[in-house]
Protein chains: 2
Amino acid sequence: MTRVLVVDDEPSILRALRINLTAREYDVSTAIDGTTGLAAVARDRPDVLILDLGLPDMDGTEVIHGVRGWTSIPIIVLSAWGQEGQKVAALDAGADDYVTKPFGMDELLARLRAAVRRASPAPDEPVVTTPDFTVDLAAKQVMRTGGDDVRLTPTEWQLLEILVRNSGRLVTQRQLLREVWGPAYETESNYLRVYLAQLRRKLEPEPSRPKYLLTESGMGYRFRP
Amino acid sequence: MTRVLVVDDEPSILRALRINLTAREYDVSTAIDGTTGLAAVARDRPDVLILDLGLPDMDGTEVIHGVRGWTSIPIIVLSAWGQEGQKVAALDAGADDYVTKPFGMDELLARLRAAVRRASPAPDEPVVTTPDFTVDLAAKQVMRTGGDDVRLTPTEWQLLEILVRNSGRLVTQRQLLREVWGPAYETESNYLRVYLAQLRRKLEPEPSRPKYLLTESGMGYRFRP
DNA sequence: GCTGGTCGTTAAGGATTCATAAAGATCGTT
DNA sequence: AACGATCTTTATGAATCCTTAACGACCAGC
């Protein structure tokens, strides 16, 4: 289920979007200003952000910069008629698309679908296999070679997914912390140690001598296929 | 924040660009001739280069060749009216775009945005290969020819990365020390000796007779691909 | 041949980072 | 209310890395 965060200060628009998007099987959350919006992005990690440019507390482009600083989720901007300059600035700041108010719900839905589609470029290899286990990115499933599947908690899965998607590449601790826990946790590197240990216990044949989930001291972690 | 380096010998133009670009949230640095311009590119590694063709000390195309020898950052050329030949030569040499003086700030800004956008999806992080080992900048991985990968510590990696990114050209001790240890360590050249020795021990087939990590006595070091 | 400077090599400590276990905190479910 | 699962936090010893110093080799100039 696609999760959408709507940031707008007009209750009527929030209400209209919530009703329409929920009816279309989107999972909707809302925020009424830039500050709570930024916090909500970090906390809820939505799949798409719909952002009104005319917020009471901060400029729309500031919000975009704040989001773009650490994630690349699609951002669709809502701009009032006549705010052409703001619109361009928003696109420059990193927004993906814009809709001018007042807008038809059909148009917004179309752009929403397009944004989501663009954002998830079908990974060319949704299944990664090693001699000891198999990771199915699409099905969110891990199976040990032999048949029984491994139960992973949500956090464990997020971590594994990032490492597997960057197969062979070193992933910085900052990046892992930012993408799993949010930008406020960039220094909590002990989280990584705890969860890497759990993943190793569940996946590695010899957890204290990892073959797949490798540590590069001082730099980050790497999944070796 | 996008970093722009402006190389021009006319103070009025430097001033105008600095004001306008800074106001648009660009991080601006400047140089007044080709020599310092080339040094600034190597040192600051800007995201875009704005280069006047009519420099006092060297021909514009020479500057472009000097830059293109080792990086593919976008180059926007400024040419005085009537210098059609120079303009073509500049594009041949590898410039990305040109603006004819006198120019409107809006036009320059538009071309700047376009250049940055074109460049961003193609991060220039190549794979450098030698007969004995391979350095993958993106994956932060070094593999010896034969299969086994080499473990580098963070400091070793930083050093190697700078040398490889400046493949073939001499990198000053000052520059290496500044970029790895910070400006306060610019004179601690023994650090370099220690770490170069370690890198050679890990990478060179004959560490005491280096083929790739060369010392230029009194000057600095050079990576020969 | 002596001398001062630069470079290569090595090794020991102290500092940082890591692995691991285990105890609280939180949340939803029964 | 109690439970189980998950997430957070803390503590400890082990592993790794960085810094620093010492010593010898090499080269240029005197």
Side-chain angles (χ1 to χ4, degrees), chain A residues 42-45 140 142 149-161 163 170-182 184-222, chain B residues 140 142 149-161 163 170-174 176-182 184-223:
Chain A
R43 193 187 58 240
D44 300 338
R45 333 209 93 254
K140 292 203 191 304
V142 184
D149 51 15
V150 183
R151 280 188 53 78
L152 295 185
T153 72
T155 309
E156 287 166 6
W157 174 259
Q158 277 190 77
L159 251 189
L160 181 64
E161 177 167 359
L163 288 170
L170 184 136
V171 187
T172 308
Q173 338 195 59
R174 291 180 83 81
Q175 189 181 338
L176 289 169
L177 289 163
R178 209 169 44 207
E179 298 202 21
V180 177
W181 283 274
Y185 293 76
E186 279 187 354
T187 58
E188 302 284 344
S189 54
N190 51 327
Y191 289 13
L192 292 178
R193 294 193 208 103
V194 171
Y195 275 91
L196 259 295
Q198 285 170 193
L199 282 175
R200 283 170 179 151
R201 194 155 357 110
K202 292 184 177 181
L203 299 179
E204 294 275 0
E206 222 177 329
S208 57
R209 223 164 266 284
K211 287 165 57 183
Y212 307 107
L213 299 165
L214 308 180
T215 301
E216 308 257 336
S217 192
M219 303 209 281
Y221 294 88
R222 181 197 307 272
Chain B
K140 288 208 194 308
V142 183
D149 43 22
V150 184
R151 284 184 55 79
L152 296 185
T153 72
T155 308
E156 288 165 6
W157 177 259
Q158 278 190 76
L159 208 50
L160 179 64
E161 180 167 355
L163 288 170
L170 185 137
V171 187
T172 307
Q173 306 196 5
R174 292 182 91 76
L176 289 170
L177 288 164
R178 197 172 45 219
E179 296 203 23
V180 177
W181 283 273
Y185 293 75
E186 280 187 354
T187 58
E188 302 282 343
S189 55
N190 54 324
Y191 287 13
L192 292 179
R193 288 196 279 281
V194 170
Y195 276 91
L196 259 296
Q198 283 171 193
L199 280 176
R200 283 171 178 151
R201 185 146 20 97
K202 293 185 176 181
L203 298 179
E204 295 275 0
E206 220 176 330
S208 55
R209 221 164 250 112
K211 287 164 59 182
Y212 306 107
L213 299 165
L214 309 180
T215 301
E216 309 256 336
S217 196
M219 307 253 72
Y221 294 88
R222 179 197 307 270
F223 174 77

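Note that the structure is predicted; figures quoted are calculated from it, not measured.
Regarding contacts with the backbone of C:dT9, every side-chain N or O of B:R201 stays at 4.0 angstrom or more from both OP1 and OP2. The shortest distance between the side-chain N/O atoms of B:T215 and the OP1/OP2 oxygens of C:dT6 is not below 4.0 Å. Proximity of B:T153 to the phosphate of D:dC18: a side-chain N or O atom is located under 4.0 Å from OP1 or OP2. Regarding contacts with the backbone of C:dT6, every side-chain N or O of B:S217 stays at 4.0 angstrom or more from both OP1 and OP2. For the pair A:R151 and D:dT6, the criterion of a side-chain N or O lying under 4.0 Å from OP1 or OP2 is met. Contact annotation: A:W181 side-chain N/O to D:dT8 OP1/OP2 distance is under 4.0 Å.
For the P atom pair drawn from C:dA19 and D:dC18, the interatomic distance equals 16 Å after rounding to whole Å.
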Kindly determine whether A:R200 and A:T215 satisfy side-chain hydrogen bond (donor to acceptor under 3.5 Å, both in side chains), including the steps that lead there. CA-CA 11 Å; A:R200 283 170 179 151; A:T215 301; 2.7 Å; yes

Begin with the C-alpha distance, continue with both residues' side-chain angles, and end with the deciding distance and a verdict on ring pair (Phe, Tyr, Trp, His ring centres under 6.0 Å) for B:W181 and B:Y195. CA-CA 12 Å; B:W181 283 273; B:Y195 276 91; 5.6 Å; yes

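If you check C:dA19, C:dC7, D:dT20 against the side chain of B:Q173, the one that comes closest is C:dC7.
Where A:Q198 and A:R193 each meet DNA chain C at their nearest nucleotide, the meeting point lying more 5' is that of A:R193. In terms of position on DNA chain D, the residue among A:N190 and A:Y195 whose nearest nucleotide sits closer to the 5' end is A:Y195.
Rounded to whole Å, the distance from CG on A:L214 to C1' on D:dA15 is 16 Å. Separating the CZ atom of B:R200 from the P atom of C:dC7 is a distance of 11 Å, rounded to the nearest angstrom. Rounded to whole Å, the distance from CZ on A:R209 to C1' on C:dA19 is 13 Å. Straight-line distance from the CG atom of A:L196 to the P atom of C:dA21: 14 Å, rounded to whole Å. Atom-to-atom, CH2 of A:W157 to P of D:dA5 comes out at 21 Å; the value is rounded to the nearest Å. Atom CE of A:M219 and atom P of D:dC17 are 9 Å apart (whole Å). In this structure, CD of A:E216 is placed 17 Å from C1' of C:dT16, rounded to the nearest angstrom. The nearest whole Å value for the distance from the CD atom in B:E206 to the C1' atom in C:dT9 is 16 Å.
Within the 4.5 Å cutoff, the side chain of A:Y221 has no heavy atoms near those of the A:L170 side chain. Side chains of A:R178 and A:L176 form no contact here, defined as non-hydrogen atoms less than 4.5 Å apart.
Within 4.0 Å of B:Y185, counting heavy atoms only, lies no atom of the nucleic acid at all. Contact annotation for A:S208: backbone-only contact, meaning every heavy-atom pair under 4.0 Å involves sugar-phosphate atoms and none involves a base.
B:K211 places no side-chain N or O within 3.5 Å of a backbone atom of B:E204 that could act as its donor or acceptor partner.
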